[in-house]
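Written below as structure tokens is the structure these notes are about.
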Amino acid sequence: MNYWLMKSEPDVFGVEHLKSRPDKTAPWDGVRNFQARNFMREMKRGDLAFFYHSSCAEPGVAAVVKIVKEAYPDHTSWDKKGEHYDARSTPEKPYWYMVDVKLERQLKQPVLLTDIKACTALKNMRLVQRGNRLSVMPISEPEWNKILELERKKTK
DNA sequence: GCCAACGTTGGC
DNA sequence: GCCAACGTTGGC
């Protein structure tokens, strides 16, 4: 099993949106970055990911989600009227992919970016390295556990 | 295949 | 809203 972190802007699609979806499940569409796409294609059903809120007042990990459907073509890429349209992608030759995620649980207290930055054990995370802009990234098991530990500490 | 210009991300 | 840092594009 692998661990991941996936970023989304809560104003556009946050944990609250996911929660309100049928079966608390939604496609992770709109990723238009090769590295992020490739990571999504490596995801396996049952993998866990942190749902990270970016570009907001308090950026940080807000929830745990589970990958419930492995990578399949992102149909928003051939919707000409949509925001995520890309002429290179067609149903015959898809260019971009997405996975389905299901809300596992919302964190009792979000683990904020400031918390993560303050934690020496998490120094090597891609998330906190300079100029990081990747929206989907792998996380090591120790890092995964450390973040959950930070959650427990905050909840106390 | 290099690299400048451009657009985007995302924290502050 | 600013701007640093990065990925992508396109001219050569």
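Letters A, B, ... mirror the listed sequences (proteins, then strands); counts begin at 1.
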Where protein sits on nucleotides 6-12 of chain B, one letter per nucleotide: B base, S sugar-phosphate only, - none, heavy atoms under 4.0 Å: -BBBBSS
Sugar-phosphate only, base, or nothing, as touched by Arg126(A) at under 4.0 Å among non-hydrogen atoms: nothing
Minimum side-chain heavy-atom gap Val31(A)-Asp74(A) below 4.5 Å: no
Check against side chain to side chain donor-acceptor pair (under 3.5 Å), Arg32(A) and Ser89(A): CA-CA 11 Å; Arg32(A) 295 294 177 269; Ser89(A) 186; over 6 Å; no
Heavy-atom check, side chain of Gln106(A) versus side chain of Glu16(A), under 4.5 Å: yes
Bend angle of the helix from dG1(B)-dC12(C) to dC12(B)-dG1(C), end axes from five pairs each (to 10°): 10°
Ring centres under 6.0 angstrom apart (Phe34(A), Trp96(A)): yes
Ring centres under 6.0 angstrom apart (Trp78(A), Tyr95(A)): no
For Glu149(A), salt bridge (charged side-chain N to carboxylate O under 4.0 Å, His left out) partners two or more places apart: Lys146(A), Lys153(A)
Side-chain heavy-atom pair Phe13(A), Arg21(A) within 4.5 angstrom cut-off: yes
Contact check, side chains of Leu18(A) and Trp28(A), non-hydrogen atoms, under 4.5 Å: no
